[in-house]
Amino acid sequence: MPYPPPPEQPYDPRYEPAAAEEVVERTHPRIRIVRTVNALIHLVCAVFALVLAVHIVLVLGDANSANGFAHLITEWSSNVSLGLRNLFTPDSEKLRTFLNDGLAALIWLAIGAILTDVIARIGVPGPRRVWYRRRSYYG
């Protein structure tokens, strides 16, 4: 003898199928452009600071200046040193390079931070993001 079907249960919201919330961000094309420009500025400034830091390490480690890589880094770092190569003139070449190129690297990082902040403030007025929640049911 088959079992009778179970009686209909009254609606109880506690037993709804699990709902997954998805946070969706709507961004204006102008915001995407500002973010892309800022990312490029960060990248360029970070690469310049990295080149200066690598040059400091090579000088502190007495790298062979005839080596191709060391020569490339030395030339590139002289081009991005912001004219600070002779700002400090101690007797030690290592200390001179550390102070001058170290300061130039810090200035490049500051330039990147200031530029991206100014561009974000000018390019994206008002609220930075618009968020809303959307519920989707599975089951």
Side-chain angles (χ1 to χ4, degrees):
M1 180 160 214
Y3 293 107
E8 281 294 320
Q9 298 292 327
Y11 173 74
D12 190 353
R14 292 179 294 168
Y15 298 108
E16 273 189 23
E21 278 193 3
E22 177 183 0
V23 178
V24 178
E25 178 183 6
R26 287 190 176 171
T27 55
H28 193 273
R30 183 174 172 181
I31 295 173
R32 287 195 302 265
I33 291 171
V34 167
R35 286 181 185 170
T36 303
V37 169
N38 283 348
L40 290 174
I41 290 172
H42 268 300
L43 179 68
V44 168
C45 291
V47 166
F48 290 170
L50 181 66
V51 166
L52 290 164
V54 169
H55 182 253
I56 291 170
V57 169
L58 291 176
V59 169
L60 292 178
D62 292 325
N64 179 9
S65 59
N67 181 288
F69 177 73
H71 182 70
L72 173 72
I73 294 296
T74 301
E75 289 296 319
W76 200 6
S77 68
S78 68
N79 291 329
V80 297
S81 66
L82 299 172
L84 299 175
R85 276 287 158 101
N86 294 320
L87 180 64
F88 300 107
T89 56
D91 294 333
S92 169
E93 180 190 356
K94 292 180 180 183
L95 182 60
R96 184 172 50 243
T97 301
F98 179 76
L99 292 175
N100 293 329
D101 285 357
L103 180 61
L106 291 176
I107 290 174
W108 273 116
L109 294 176
I111 287 170
I114 291 168
L115 274 177
T116 55
D117 185 56
V118 168
I119 289 171
R121 288 177 187 268
I122 292 172
V124 186
R128 297 282 187 243
R129 295 182 176 163
V130 177
W131 297 87
Y132 71 92
R133 294 189 181 274
R134 178 176 65 194
R135 293 178 63 106
S136 59
Y137 294 95
Y138 301 105

Worksheet item: So if you build clusters from Ile, Leu, Val, Met, Phe, Trp, Tyr with side-chain heavy-atom gaps below 4.5 Å, do Ile107 and Phe88 land together?
Response: yes
Worksheet entry | Closest approach of Asn64 to Ala70 (non-hydrogen atoms, all atoms of both residues) | O-CB, 3.3 Å
Discussion item. Hydrophobic clusters here meaning ILVMFWY residues chained together by side-chain heavy-atom distances under 4.5 Å, can you tell me if Val37 and Leu43 are in one?
Written reply: yes
Worksheet entry | Sequence-distant partners of Arg85, salt bridge (charged side-chain N to carboxylate O under 4.0 Å, His left out), two or more places apart | Asp101
Response to the item:
When rounded to the nearest 0.5 Å, the distance separating CZ of Arg32 from OG1 of Thr36 is 8.5 Å
Discussion item. When you group the ILVMFWY residues by side-chain heavy-atom contacts below 4.5 Å and let the links chain together, are Val124 and Ile33 in the same group?
Written reply: yes
Worksheet item: What heavy-atom pair brings Leu103 and Leu87 nearest, and what distance separates the two atoms?
Response: CD2-CD2, 3.6 Å
Response to the item:
Here the pair of heavy atoms bringing Cys45 nearest to Ile111 is SG-CG2, 4.4 Å
Worksheet item: Sequence neighbours excluded, which residues qualify as side-chain contact (heavy atoms from CB on, under 4.5 Å) partners of Ser92?
Response: Lys94, Leu95
Worksheet item: Donor-acceptor pair, Arg96 side chain versus Pro90 backbone, under 3.5 Å?
Response: yes
Worksheet item: What pairs of residues pass the ring-ring contact (aromatic ring centres under 6.0 Å, His included) test when at least one of them lies in residues 37-75, not counting sequence neighbours?
Response: Phe48-Trp108
Discussion item. Are Val47 and Ile114 linked, directly or through intermediate hydrophobic residues, by side-chain heavy-atom contacts shorter than 4.5 Å (ILVMFWY only)?
Written reply: no
Response to the item:
Closest heavy-atom pair, Leu52 versus Ser81, reported as atoms and distance to 0.1 Å, is CD2-CA, 4.3 Å
Discussion item. Please report the interatomic distance CG(Leu58) to OG1(Thr97), rounded to the nearest 0.5 Å.
Written reply: 10.5 Å
Worksheet entry | Euclidean distance, Leu40 CG relative to Leu115 CG, rounded to 0.5 Å | 12.5 Å
Response to the item:
Distance col, row Ile73:CD1 vs Ile56:CD1, nearest 0.5 angstrom, shows 12.0 Å
Worksheet item: Considering all heavy atoms of both residues, which atom of Ala105 and which atom of Ala49 are nearest to each other, and what is their separation?
Response: O-CB, 3.8 Å
Response to the item:
d(Leu50 CG, Ser77 OG) to nearest 0.5 Å is 11.5 Å
Item to complete: Flag yes if Val51 and Leu60 sit in one hydrophobic cluster, no otherwise; membership is Ile, Leu, Val, Met, Phe, Trp, Tyr, and two members link when side-chain heavy atoms are under 4.5 Å apart.
Response: yes
